Amino acid sequence: MKIKLSSALLGLLTISVAASQSVHDCKEIKLRNVQQIDAGAGQVVAVDRTRRVFHLIGSNWITQNSYMKHVSVGPAGIWGVDRQGFINKVVAGKWTRTAVNLMKQVDAGGDQFVTATGTFQHQVSKQQVSPTANLCVNRSSAVAFKTPGNSVSTVWTATSVDLKYSSCGRNACWLTNHQDEVLFFEKVDPFTCQGMKIMRKVKGSLSMVEVATDGSVYGVNNEGQIFRRDGISIQRPRGTSWTHIDVCLPARHVSYDLGRLWVVTKTGVALECLM
């Protein structure tokens, strides 16, 4: 299949000419005006443009009229960033606020550890670092958190780039910044968050990137094109190349779990596509 390459896409395909895979088996899900969706560990959660949170139960999207600007689900449970920027965790079916504030986005896909991007400020110590901070809540603290405002142990990494999005798998984290550069942390220890200090660039240009529970990596560029990272293995944790995934509609956000690619288009339509 021939692909007409834009200048932005040419910048992405610097390792090799990307293959293209068309996804035909897609269906529109029963939500409207979707802003963001996340899948992991067999669960799916979504946020609409009013910030209402939905959880897929069977074939129904259930909401408890809770409001978050970003949500994530994975081995660490269900986590979110509320409209005031606090990180929250679902405990006994209720959103429970931590003391970590001023965050933009959170990811629960790591090996029971949690990462987030934004300006880090702890409500108890009032410690604040650069807005380029990438925050990690280690496994022990993420699992143990149960009560509102309870202290969580955090490790942050300040970088020379303004981070926009982060997502982790079992051992590695992928990030993007506001220049749409793709960044990579390898061998992240879930108990100490060590490994977060060694950041490497991956050739490519993406607005957001998501790591699935199984380690698969998908992302979206600023033109709304979806890409999958191929060749990821223990020996090559960064993979080897990008494959363009064609779903016909420009995308804003993607997430992958258990053979299903969840796509949010730029118009707020959400799709479930079998891969």
Side-chain angles (χ1 to χ4, degrees), residues 36 38-45 68 70-82 85-91 95-125 127 129 132-147 149-159 163-176 183-200 208-218 232 234 237-238 255-257:
Q36 178 249 334
D38 194 70
Q43 300 188 73
V44 187
V45 290
M68 296 282 152
H70 190 274
V71 291
S72 182
V73 61
I78 302 176
W79 293 70
V81 175
D82 64 26
F86 286 92
I87 295 179
N88 291 251
K89 177 186 178 182
V90 173
V91 178
W95 285 104
T96 307
R97 179 182 275 187
T98 73
V100 181
N101 192 15
L102 300 179
M103 307 310 294
K104 299 180 293 185
Q105 173 260 337
V106 67
D107 186 82
D111 189 8
Q112 292 188 292
F113 66 92
V114 175
T115 59
T117 56
T119 302
F120 172 54
Q121 177 177 301
H122 197 283
Q123 287 298 99
V124 176
S125 65
Q127 178 186 8
V129 299
T132 62
N134 185 67
L135 177 73
C136 178
V137 180
N138 67 24
R139 179 195 287 182
S140 301
S141 191
V143 171
F145 178 77
K146 298 180 178 66
T147 58
N150 191 28
S151 177
V152 291
S153 177
T154 55
V155 174
W156 57 268
T157 302
T159 70
L163 295 176
K164 179 166 58 175
Y165 205 94
S166 67
S167 182
C168 296
R170 292 185 61 84
N171 298 304
C173 296
W174 293 67
L175 310 90
T176 62
L183 309 165
F184 175 83
F185 284 121
E186 185 180 353
K187 297 179 181 178
V188 180
D189 187 308
F191 292 100
T192 65
C193 293
Q194 290 182 359
M196 300 292 288
K197 299 288 185 182
I198 307 171
M199 179 184 290
R200 296 182 175 89
M208 61 81 58
V209 64
E210 277 284 348
V211 185
T213 304
D214 66 3
S216 302
V217 176
Y218 287 82
I232 294 175
I234 295 175
R238 279 182 283 178
S255 188
Y256 174 84
D257 187 46

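Note that the coordinates shown come from a computational prediction; the quantities given were computed from them, not determined experimentally. Residue numbers count from 1 along this sequence.
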Quick check: do Arg139 and Asp111 have side-chain heavy atoms less than 4.5 Å from each other? yes

Scanning both residues in full, the closest heavy-atom pair of Val143 with Lys146 reads O-NZ, 3.7 Å

* To do: Report yes if some heavy atom in the side chain of Val209 is under 4.5 Å from a heavy atom in the side chain of Phe184; otherwise report no.
  => no

task: Determine whether Asp257 and Val44 make a side-chain contact, defined as any pair of heavy atoms from C-beta on separated by less than 4.5 Å.
output: no

Taken in chain and number order and not counting sequence neighbours, the residues that satisfy side-chain hydrogen bond (donor to acceptor under 3.5 Å, both in side chains) with Gln112 are none

For Ala212, the side chain to side chain contact (heavy atoms under 4.5 Å, CB included) test, sequence neighbours excluded, returns Asp214, Ser216, Tyr256

Residues at least two apart in sequence or cross-chain that pass side chain to side chain contact (heavy atoms under 4.5 Å, CB included) with Val211, listed by chain then number, are Ser167, Trp174, Val217

Given 3.5 Å as the limit, does a donor-acceptor pair link the side chain of Asn138 with the main chain of Cys193, or not? no

dist Leu175:CG -> Thr117:OG1 (nearest 0.5 Å) comes out at 8.0 Å

Taken in chain and number order and not counting sequence neighbours, the residues that satisfy side-chain hydrogen bond (donor to acceptor under 3.5 Å, both in side chains) with Tyr165 are His70, Glu210, His253

Distance col, row Gln105:CD vs Gln36:CD, nearest 0.5 angstrom, shows 8.0 Å

(Q) Determine whether a donor-acceptor pair (N or O, by modelled atom type, separation under 3.5 Å) exists between the side chain of Asp107 and the backbone of Cys168. (A) yes

Between Ala41 and Pro75, the two heavy atoms sitting closest are CB-N, 4.1 Å

Looking only at heavy atoms, the pair that brings Ser140 and Phe191 closest together is OG-CD2, 3.6 Å

Those residues at least two apart in sequence (or on a different chain) that pass side chain to side chain contact (heavy atoms under 4.5 Å, CB included) with Arg97 are Asp82, Gln84, Phe86, Asn88

Q) Does Ser255 use its side chain to pair, donor to acceptor, with the backbone of Ala39 at less than 3.5 Å? A) yes

Whether Lys89 side chain and Gly77 backbone form a donor-acceptor pair below 3.5 Å: no

Distance col, row Phe185:CZ vs Thr115:OG1, nearest 0.5 angstrom, shows 9.5 Å

d(Thr98 OG1, Ile87 CD1) to nearest 0.5 Å is 5.0 Å

When every non-hydrogen atom of Val188 is compared with those of Cys173, the smallest separation belongs to CG2-SG, 4.0 Å

Heavy-atom closest pair (Leu183 atom, Leu163 atom, distance to 0.1 Å) is CD1-CD2, 3.7 Å

Residue set satisfying salt bridge (Lys or Arg N to Asp or Glu O under 4.0 Å) with Arg238, at least two apart, ordered chain then number -> none

Notebook entry, point to check: Taking Ser72 for the side chain and Trp79 for the main chain, is one N or O donor matched with an acceptor at less than 3.5 Å?
Noted result: no

